[in-house]
There are 2 protein chains.
Amino acid sequence: MTDAATTPTPDSLRPRTRIQQKNREAILDAALGVFARDGFAGATLDRIAAEAGLSKPNLLYYFRSKEAMHHALLADLLDLWLDPLRAIDPAGEPVAEILTYVRRKLGMSRNLPRESRLFANEILQGAPRLQGVLGGELAGLVEEKAAIVRGWSAAGRIAPVHPKHLFFSVWALTQHYADFDAQVVAVLGPEADRRWLDAERHLMQLFTALLTPAPGLFKQGGAG
Amino acid sequence: MTDAATTPTPDSLRPRTRIQQKNREAILDAALGVFARDGFAGATLDRIAAEAGLSKPNLLYYFRSKEAMHHALLADLLDLWLDPLRAIDPAGEPVAEILTYVRRKLGMSRNLPRESRLFANEILQGAPRLQGVLGGELAGLVEEKAAIVRGWSAAGRIAPVHPKHLFFSVWALTQHYADFDAQVVAVLGPEADRRWLDAERHLMQLFTALLTPAPGLFKQGGAG
DNA sequence: GTCTATATTAAGATAGAC
DNA sequence: GTCTATCTTAATATAGAC
């Protein structure tokens, strides 16, 4: 079955010419930067137009409103954002699985800081446009992964931790380096160049200490 | 020496009638809520006026501009924000000092969430009005306290950690519960009522695990 | 599809009566 | 000190030519 009118084709996937695609992407890229820095209310179409290299009315040819641009960005974001969490494998080695998760999330902070800030802005403002998704898709996925962590704790393969607060910790610690970068850089001064490397080392140490089970208790099966 | 004209009296301390004081405080209180939720650009004088129970022109009788209100809030905030960090005592028991610090910071997230979000909004936007203070007062204080932590690590009284990234971790983990409350509540669902208690337990466990030095290495002096 | 010109609304700030 | 009325600017969005 090829793509057809059977399933309602989402707006973001409607076929377009190469020029249309290119302009759409240029607009969304510019909008991402502006929304991330200035928030929804602080962002202006003038700025987005300038950064995209298009005129303001031309922006509104591609998106019917500022709101629509913001919506298009957010709609794609959560999926991307949750990829590392989805990748947690119940069959993997528990501590390694979580350390990998942390490393991936930190990598996203480093490589996608605008996305992180867009998300942070939205949540800070009470998640007016994400409420449903947070309580639905996100809560469901977290519930599923929390059960895995709970199982690992019960089996003594990691220390007993509150699974959901463990995830909060991963989010808080990794996203901090994107969202609060201005503060991180100001505090570190000349050390700031090394911040991503030092952050990774620090977070590996932190989660290893938190999760490594106390020796001699429960351990069943051992390594491998 | 009582207060006199010797030191330039800051605007926020100029003597006022009780009514003036009360209105000023009502305005700042309302402004704090609105700036925290909507960011600087998203905040409107109409909203602030409504929440303060005053007319818009009356707001501008007390503060010459929206910018001035924001400035007044930020000016007081950093001092308050850094109090728990200042309280870290080099003569205290290392792990206990840091756990106390974490507990105080978490308490501030719980009791002063608007302040936390105001601060987060500002940093998220690149700290345009705090750059100087972050690189000055904040960086200086962190440097001082980092030296203490470094000393504790060197003496084997806590595990060897990167002191500044340790502070970042405290900030990220505690402020997350204020700034991302919408997400925390959505993910926890019915558990959300217990979030502050569970967060405290989780963070105590996390920092205890991170900081407690490996037994048998270095330990000099022991308990007491 | 892209532009110039413009309608419309909202928000910061001021004037001036009381 | 506080209000109503208003000025002014800036920003979203649209009309209509090309």
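- Ion pairing between A:D198 and B:K164 fails under the 4.0 Å rule for side-chain N and carboxylate O.
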Query - Test log, rule side chain to side chain contact (heavy atoms under 4.5 Å, CB included), inputs A:F40 and A:E122 - result: CA-CA 8 Å; A:F40 179 77; A:E122 186 61 19; 5.9 Å; no
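- A distance of 10.0 Å separates CG in A:L124 from CG in B:L118, rounded to the nearest 0.5 Å.
- Straight-line distance from the CZ atom of A:F63 to the C1' atom of D:dA13: 16 Å, rounded to whole Å.
- Using a 4.0 Å heavy-atom distance criterion, B:A41 is classed as making no nucleic acid contact.
- Per the geometry, CG belonging to A:D46 stands 13 Å off P belonging to C:dT4, to the nearest Å.
- An OP1 or OP2 oxygen of C:dT4 is reached within less than 4.0 angstrom by no side-chain nitrogen or oxygen of A:N58.
- D:dA13 atom P lies 8 Å from atom CE of A:M69, rounded to whole Å.
- Rounding to whole angstrom units, CG of residue A:L59 and P of D:dA11 are separated by 14 Å.
- Using a 4.0 Å heavy-atom distance criterion, A:L60 is classed as a base contact.
- A sub-4.0 Å separation between OP1 or OP2 of C:dC3 and a side-chain N or O of A:S55 is present.
- No side-chain heavy atom of B:R104 sits less than 4.5 Å from a side-chain heavy atom of B:D83.
- Residue B:Y62 has a polar side-chain atom (N or O) positioned under 4.0 Å from OP1 or OP2 of D:dT2.
- Distance, A:E67 CD to D:dA13 P: 9 Å, rounded to whole Å.
- The B:P57 side chain lies nearest to D:dT4 when the options are C:dT2, D:dA13, D:dT4.
- Considering only side-chain atoms of A:N23, the nucleotide from C:dT2, D:dT12, C:dC3 that sits closest is C:dT2.
- Of the possible polar contacts, one joining the B:K66 side chain to the B:A43 backbone as a donor-acceptor pair under 3.5 Å is found.
- For the pair A:K56 NZ and C:dT6 P, the computed distance is 14 Å after rounding to whole Å.
- At whole-Å resolution of the value, NE2 in B:H70 and P in C:dG12 are 13 Å apart.
- Between A:Y61 atom OH and D:dT14 atom C1' there is a gap of 15 Å when expressed in whole angstrom units.
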